[in-house]
Amino acid sequence: MSEDELYARFLEERRSEIVDRIAAAAARAGRDPREVLAIAVSKTVGPKEVLLARRAGWTSFGENRPQELGRKLEALGQLPEMAGVRFDMIGNLQKNKINQVIGRVALIHSISSEHLAGAVSTRAEARGLCSDVLLEVNVSGEVSKSGFSPNELRESIDRVIELPGICVRGLMTMAPARDADGARRTFSGLRELAEELRQRTGLALETLSCGMSDDFEIAVEEGSTLVRLGRCVFDQGYALRAIG
Ligand SMILES: *Cc1c(COP(=O)(O)O)cnc(C)c1O
């Protein structure tokens, strides 16, 4: 078997294990697994691996660099096999790169400040678009993490949802690394904050983007509707572990 064939087989087997684990985590929480979208974070692999992942069943991808997003769309965008596939922007977005992203992604996960929300809105509106976005919240309070603090978001939300060029679809967060209890508190905190903001604004805020390779099962148990999976999808050296 060629190296590509072996990798394709790995991608398929890994995907089915991930799908099973998401279903089991949803069942533990009494949730319908169809509520949870898993996106394959392709930031560390090239277009060839994305195409193999598509063949293995992945239909949604996440990128964290506008330039890399562009490279993959150019390489793959016209292929019939990629019809219906979506890309999301999940990483920090610099203001001067916003135009490279608007209109090319299904969802921007990383609106981390009111200032950035305004900048994306202005650029989308100039092109007659409304960009679907998530507001990134620093639930855990770690200084290394970007995003609105919960209190900043409470204070900003009414102005942010009035911006004409963005449609706020929900919230996104990142959990502390290697800390299962901290991750669980972070995810439940995101869910509770979304519930509070739904009541206050009347918005559906239907998307909760949380959970990565190390903690996606905890995230699904705590209400995530979108898990962003990189290493566990693409890296043959990454061992899926039982959750803590
Ligand atoms: C890289 C990245 C992921 C995927 O992380 P893994 O631990 O590889 O699953 C998810 N979200 C964001 C924002 C990322 O930058």
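Being a predicted model, the structure only gives us computed values, none of them experimental.
The backbone N or O of Met212 lies less than 3.5 Å from a partner atom in the side chain of Asp215, making a donor-acceptor pair. Of the possible polar contacts, none joining the Thr186 side chain to the Ala175 backbone as a donor-acceptor pair under 3.5 Å is found. The closest donor-acceptor contact from the side chain of Asn138 to the backbone of Lys145 lies under 3.5 Å. A donor-acceptor contact shorter than 3.5 Å is absent between the side chain of Ser42 and the backbone of Val45. Side-chain atoms of Arg231 never come within 3.5 Å of backbone atoms of Ser213 as a donor-acceptor pair (strictly under, hydrogens ignored). Arg86 contributes no side-chain N or O that, together with a main-chain N or O of Thr59, makes up a donor-acceptor pair within less than 3.5 Å. When atom types are taken as modelled, the side chain of Arg200 and the backbone of Arg154 share a donor-acceptor pair closer than 3.5 angstrom. Looking at Ser110, its side chain does come within 3.5 Å of a backbone N or O of Gly91 through a donor-acceptor pair.
Residues Arg14 and Glu17 have side chains in contact (heavy-atom distance under 4.5 Å, counting atoms from C-beta outward). Taking the side chain as every heavy atom from C-beta outward, Glu136 and His109 never approach each other to under 4.5 Å. Here the side chains of Asn92 and Asn64 are not in contact, with every heavy-atom distance at 4.5 Å or above. Side-chain contact check for Ser209 versus Ser224: every heavy-atom pair is 4.5 Å or farther apart. Contact check for Phe216 versus Ile218: no side-chain heavy atoms found under the 4.5 Å cut-off. Arg15 has its side chain out of reach of Val233: every pair of non-hydrogen atoms, C-beta onward, lies at least 4.5 Å apart. The shortest side-chain heavy-atom distance between Val85 and Trp58 does not fall under the 4.5 Å cut-off. Taking the side chain as every heavy atom from C-beta outward, Leu163 and Thr122 never approach each other to under 4.5 Å.
Looking at Glu221 and Arg184, a side-chain N of the basic residue comes within less than 4.0 Å of a carboxylate O on the acidic one, giving a salt bridge. Taking 4.0 Å as the cut-off between side-chain N and carboxylate O, Arg159 and Glu162 do not count as a salt-bridged pair. No salt bridge links Glu68 with Lys43; every basic N to acidic carboxylate O contact stays at or beyond 4.0 Å. Taking the charged nitrogens against the carboxylate oxygens, Asp88 and Arg228 have no contact shorter than 4.0 Å, which rules out a salt bridge. A salt bridge is absent between Arg9 and Glu12; no separation between the charged side-chain nitrogens and carboxylate oxygens falls under 4.0 Å.
Here the CD1-SG distance, from Ile18 to Cys232, works out to 3.5 Å after rounding to the nearest 0.5 Å. A distance of 10.0 Å separates OG of Ser140 from CZ of Arg185, quoted to the nearest 0.5 Å. Separating the CD1 atom in Ile39 from the CG atom in Leu37 is a distance of 7.0 Å, to the nearest 0.5 Å. Atom CD of Glu142 sits about 8.0 Å away from atom CG of Asp179, to the nearest 0.5 Å. Remark: Arg104 CZ to Phe87 CZ distance equals 10.5 Å, nearest 0.5 Å. Taking CG of Asn151 as the reference point, atom OG of Ser156 lies at 10.5 Å (rounded to 0.5 Å).
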Show the numbers, then the answer: is there a side chain to side chain contact (heavy atoms under 4.5 Å, CB included) between Glu222 and Leu190?
-> CA-CA 9 Å; Glu222 296 299 332; Leu190 189 75; over 6 Å; no

Kindly determine whether Lys48 and Asp4 satisfy side chain to side chain contact (heavy atoms under 4.5 Å, CB included), including the steps that lead there.
-> CA-CA 9 Å; Lys48 184 175 89 177; Asp4 279 359; 3.1 Å; yes

Steps toward side chain to side chain contact (heavy atoms under 4.5 Å, CB included) verdict (Leu134, Ile108) | CA-CA 6 Å; Leu134 305 179; Ile108 301 172; over 6 Å; no

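Under a hydrophobic clustering in which Ile, Leu, Val, Met, Phe, Trp and Tyr are joined whenever their side-chain heavy atoms come within less than 4.5 Å, directly or via other members, Leu203 and Val133 fall into the same cluster. Hydrophobic clustering of Ile, Leu, Val, Met, Phe, Trp and Tyr side chains at less than 4.5 Å, counting indirect connections, keeps Leu226 apart from Ile22. In the hydrophobic clustering of ILVMFWY residues, with side-chain heavy atoms under 4.5 Å counting as a link, Val41 and Val105 come out apart. Cluster annotation: Val101 is connected to Val50 through the hydrophobic network of ILVMFWY side chains, with a link wherever side-chain heavy atoms come within less than 4.5 Å. Leu107 and Met89 sit in two unconnected hydrophobic clusters of ILVMFWY residues. Membership requires side-chain heavy atoms under 4.5 Å apart, directly or through other members.
In plain terms, the two heavy atoms of Gln67 and Gln100 that are nearest each other are N-OE1, 3.8 Å. Scanning both residues, Pro47 and Arg71, for their nearest heavy atoms gives CD-NH2, 3.7 Å. In terms of heavy-atom proximity, Phe187 sits nearest to Ala219 at CD1-CA, 3.4 Å. The nearest pair of heavy atoms linking Glu49 to Tyr7 is CG-CE2, 3.5 Å. Scanning all heavy atoms of the two residues, the minimum distance from Pro66 to Leu93 falls at CG-CD1, 4.1 Å. Of all non-hydrogen atoms in Cys130 and Pro164, the two that sit nearest each other are SG-O, 3.8 Å.
Arg123 meets the side-chain contact (heavy atoms from CB on, under 4.5 Å) test with Lys95, Ile98, Asn99, Ile102, Ala119; sequence neighbours excluded.
No more than 12 heavy-atom neighbours from other residues, nucleotides or ligands sit within 6.0 angstrom of CD on Glu3. Atom CZ of Arg65 sits in a sparse spot, with 12 or fewer heavy atoms from other residues, nucleotides or ligands closer than 6.0 Å.
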Which atom pairs, one a donor and one an acceptor, fall under 3.5 Å between side chains of residues 166-174 and the rest of the protein, sequence neighbours left out?
{"residue": "Arg169", "atom": "NE", "partner": "Asp132", "partner atom": "OD1", "Å": "2.7"}
{"residue": "Arg169", "atom": "NH2", "partner": "Asp132", "partner atom": "OD1", "Å": "3.2"}
{"residue": "Thr173", "atom": "OG1", "partner": "Val137", "partner atom": "O", "Å": "2.6"}

